[in-house]
Amino acid sequence: MGVDLIIAVADPNADDVRALLDRHLSFARGESPPEHVHALASNAWADPGLTLFGARRDGELLGVGGIRRLDDTHAELKAMHTLAQARGQGVGQAMLSHLLRVADASGYQRVSLETGTMDAFAAARALYRKAGFRPCPPFGPYTVNPYSLCMTLTLGPAWPKA
């Protein structure tokens, strides 16, 4: 498999990063009704409250994930996406663990996310549940609807930082 996975802050304007963000947005648009697509376009990442990370192996971008500051104690995970050909290799798990460590180190007490309820999102929901995320009421711009599932995880002394 070459060198280990390297996760670092990513430039959303880099060609490969923008292409993967566009693929993520296309996936969301293909699986969700238009009014329930919450994936961000690549130009939205200019917001200073958002930080995007890329996961690379041998220099090849395999996945992305981001954190959005909601307030001083609460962050949201955004744009978790792994290339189809890299799925099953631990990229999503590594990105999720990295984002949670960053959130914890940044002083957030809670991390939340929104994901789809359709079958195409089943692997993502399983990944989040395995990490300790539990369903929660909608937060921020999200609403109660049959297409969205909001989940949250409380960080702190009991949270496993492994």
Side-chain angles (χ1 to χ4, degrees), residues 4-12 14 17 20-21 23-25 27-28 31-32 36-42 44-57 61-83 86-118 120-162:
D4 290 334
L5 198 64
I6 297 171
I7 299 176
V9 173
D11 177 358
V17 176
L20 188 50
L21 289 171
R23 193 176 293 190
H24 176 64
L25 185 57
F27 168 79
E31 296 296 333
S32 304
H36 296 290
V37 173
H38 302 292
L40 299 173
S42 55
W45 289 93
D47 181 328
L50 285 163
T51 304
L52 183 68
F53 295 86
R56 295 179 184 274
R57 182 175 288 130
L61 183 67
L62 301 179
V64 291
I67 296 179
R68 170 188 274 164
R69 179 190 182 281
L70 298 175
D71 62 38
D72 288 346
T73 62
H74 191 192
E76 177 184 10
L77 298 187
K78 293 296 294 181
M80 286 280 296
H81 193 90
T82 300
L83 284 176
R87 292 185 184 146
Q89 298 177 22
V91 175
Q93 175 62 57
M95 179 61 75
L96 180 58
S97 296
H98 180 80
L99 294 174
L100 292 176
R101 285 192 303 273
V102 168
D104 186 55
S106 299
Y108 293 115
Q109 297 168 11
R110 185 164 65 111
V111 178
S112 300
L113 61 90
E114 180 275 340
T115 191
T117 58
M118 292 68 77
F121 297 94
R125 292 191 306 270
L127 176 69
Y128 301 137
R129 281 191 185 98
K130 184 178 174 188
F133 281 85
R134 296 296 174 254
C136 68
F139 61 93
Y142 307 112
T143 60
V144 173
N145 67 78
Y147 309 103
S148 293
L149 172 66
C150 290
M151 302 178 85
T152 195
L153 173 69
T154 301
L155 303 175
W159 177 67
K161 296 171 175 56

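Put simply, OG1 on Thr115 and NE2 on His38 are 10.5 Å apart, with the number rounded to the nearest 0.5 Å. One finds the OG1 atom of Thr154 at 11.0 Å from the CZ atom of Arg134 (value rounded to the nearest 0.5 Å). Taken to the nearest 0.5 Å, the OG1 atom of Thr51 stands 9.5 Å off from the CG atom of Leu99. Note that the CZ atom of Arg110 and the OG1 atom of Thr152 stand 4.0 Å from one another [nearest 0.5 Å].
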Apply the test ring-ring contact (aromatic ring centres under 6.0 Å, His included) to residues Phe121 and Phe27: give CA-CA distance (whole Å), side-chain angles for both, the deciding distance (0.1 Å), then the verdict. CA-CA 10 Å; Phe121 297 94; Phe27 168 79; 5.2 Å; yes
Does the pair Tyr108 and His74 meet the rule for a side-chain contact (heavy atoms from CB on, under 4.5 Å), with working shown? CA-CA 5 Å; Tyr108 293 115; His74 191 192; 5.5 Å; no
Take Phe133 and Leu77, measure what side-chain contact (heavy atoms from CB on, under 4.5 Å) needs, and give me the verdict at the end. CA-CA 11 Å; Phe133 281 85; Leu77 298 187; 3.9 Å; yes
Stepwise, does the side-chain contact (heavy atoms from CB on, under 4.5 Å) test hold for Ile6 with Arg57? CA-CA 6 Å; Ile6 297 171; Arg57 182 175 288 130; over 6 Å; no
Decide side-chain contact (heavy atoms from CB on, under 4.5 Å) for Val9 and Leu52; before the verdict, give the C-alpha distance in whole Å, the side-chain angles of both, and the deciding distance to 0.1 Å. CA-CA 6 Å; Val9 173; Leu52 183 68; over 6 Å; no
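Listed by chain and residue number, Ile7, Phe53, Arg101, Val102 satisfy the side-chain contact (heavy atoms from CB on, under 4.5 Å) test with His98 (two or more places apart in sequence, or in another chain). Partners of Arg68 according to the side-chain contact (heavy atoms from CB on, under 4.5 Å) rule, which considers only residues two or more places apart in sequence or in another chain, are Leu40, Leu50, Leu70, Glu76, Lys78.
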Would you give me the side-chain donor-acceptor pairs under 3.5 Å for residues 122-132, sequence neighbours excluded?
| residue | atom | partner | partner atom | Å |
| --- | --- | --- | --- | --- |
| Arg125 | NH1 | Gly116 | O | 2.9 |
| Arg125 | NH1 | Thr117 | O | 3.3 |
| Arg125 | NH1 | Met118 | O | 2.9 |

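Nearest heavy atoms, Ala10 versus Val17: CB-CG2, 4.1 Å. Considering all non-hydrogen atoms of both residues, Leu61 and Gly54 come closest at CD1-CA, 3.8 Å. Considering every non-hydrogen atom in both Ile67 and Ala103, the closest pair reads CD1-N, 4.1 Å. In plain terms, the two heavy atoms of Gly92 and Met80 that are nearest each other are O-CE, 3.7 Å. Nearest approach of Cys150 to Pro138, heavy atoms of both residues: SG-CA, 3.7 Å. Taking both residues in full, the closest heavy atoms of Ser148 and Glu114 are given as OG-OE2, 2.8 Å, listed atom of the first, atom of the second, then distance.
Under a 3.5 Å cut-off, the side chain of Ser32 and the backbone N or O of Val37 do not form any donor-acceptor pair. Between the side chain of Arg87 and the backbone N or O of Thr82 there is at least one donor-acceptor pair closer than 3.5 Å.
Within the 4.5 Å cutoff, side-chain heavy atoms of Arg23 are placed close to those of His81. Between Ser112 and Met151, every side-chain heavy-atom pair lies at or beyond the 4.5 Å cut-off.
Within 6.0 Å of CZ in Phe139 there are more than 12 heavy atoms belonging to other residues, nucleotides or ligands.
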